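It should be emphasised that the depicted structure is a prediction, and the values quoted were computed from it without experimental measurement.
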Amino acid sequence: MTPGAIYDELDRRAAQVADQVIQWRQHRHGQPELSNRESNTAAFVADQLRALNLDEVRTGIAGHGIVAVPRGRRGSDRTIALRADIDALPVLDRCRLRPPDRPADTEMIYGTM
């Protein structure tokens, strides 16, 4: 398969799940949880991982951590690891744009440091 064909296939598959990923993002942004309090977020993520029919999904790792294991082909020595933070940050909403049912000092800020 040529690199162009691989990219085309990735684009096609990403387009197939884009709406679902947007819904997940909107859901999680609407219900932020601070560090060490992300019980609902962890349950949500674990449920989504289980729906993927991975070989193993372990929860409760060091609190609310999750480990999902896709085994892949037997006999392969290849490994892939992905990591993501699932906690919100304490952020003061000075613009008052937050929905009234959401905590005033909690925000999901993905991809920032």
Side-chain angles (χ1 to χ4, degrees):
M1 193 176 241
T2 67
I6 292 171
Y7 294 137
D8 290 344
E9 180 66 11
L10 288 172
D11 287 343
R12 186 185 67 75
R13 290 185 185 200
Q16 289 177 337
V17 298
D19 289 341
Q20 180 63 59
V21 172
I22 290 168
Q23 287 177 0
W24 290 338
R25 180 184 175 279
Q26 290 170 341
H27 175 72
R28 292 314 325 141
H29 273 270
Q31 301 176 23
E33 296 175 298
L34 294 174
S35 183
N36 296 317
R37 299 178 189 148
E38 31 328 45
S39 58
N40 292 327
T41 303
F44 177 82
V45 170
D47 287 345
Q48 301 309 313
L49 291 169
R50 286 186 189 102
L52 295 173
N53 294 316
L54 299 174
D55 296 298
E56 188 176 349
V57 177
R58 287 181 271 167
T59 59
I61 308 299
H64 300 293
I66 303 162
V67 172
V69 181
R71 300 233 188 269
R73 290 183 279 167
R74 296 191 188 275
S76 175
D77 61 348
R78 294 181 178 189
T79 301
I80 185 170
L82 304 173
R83 182 191 178 283
D85 288 337
I86 61 172
D87 59 325
L89 298 174
V91 176
L92 180 61
D93 180 11
R94 294 178 190 256
C95 299
R96 294 179 176 81
L97 298 175
R98 174 180 330 275
D101 62 337
R102 197 156 89 207
D105 63 348
T106 306
E107 186 62 64
M108 294 302 292
I109 304 177
Y110 295 113
T112 62
M113 294 187 68

List in chain and number order the residues that pass side-chain contact (heavy atoms from CB on, under 4.5 Å) with Q23, two or more places apart in sequence or in another chain; answer none if no residue qualifies.
-> Q20

Find out whether D47 and R50 are in side-chain contact, i.e. whether some heavy atom of one side chain is under 4.5 Å from a heavy atom of the other.
-> yes

Please identify each residue that fulfils side-chain contact (heavy atoms from CB on, under 4.5 Å) with A5, with sequence neighbours left out.
-> M1, T2

Looking at CG of N40 and NE2 of H27, how far apart are the two atoms once the value is rounded to the nearest 0.5 Å?
-> 8.0 Å

Set of side-chain contact (heavy atoms from CB on, under 4.5 Å) partners for Q16, sequence neighbours left out = R12, R13

Which residues satisfy the side-chain contact (heavy atoms from CB on, under 4.5 Å) test with V17, sequence neighbours excluded?
-> V21

How many angstroms lie between CD1 in I86 and CZ in R28, if you round to the nearest 0.5 Å?
-> 8.0 Å

Qualifying residue, where the test is side chain to side chain contact (heavy atoms under 4.5 Å, CB included) with V57 and the options are V45, L49, L52, V67 | L49

Give every residue pair that meets the side chain to side chain donor-acceptor pair (under 3.5 Å) criterion with at least one member in residues 55-69, sequence neighbours excluded.
-> E56-R58, E56-R71

Closest heavy-atom pair, L89 versus L34, reported as atoms and distance to 0.1 Å, is C-CD2, 3.8 Å

Nearest 0.5 Å please: distance from the CD atom of E38 over to the CG atom of D87.
-> 5.0 Å

I66 and A46: which non-hydrogen atoms are nearest, and at how many Å?
-> CD1-N, 3.8 Å

Does R37 have any salt bridge (charged side-chain N to carboxylate O under 4.0 Å, His left out) partners at least two apart in sequence or in another chain, and if so, which?
-> none

Nearest heavy-atom pair of P70 and L54: which atoms, and what distance?
-> CB-CD2, 3.9 Å

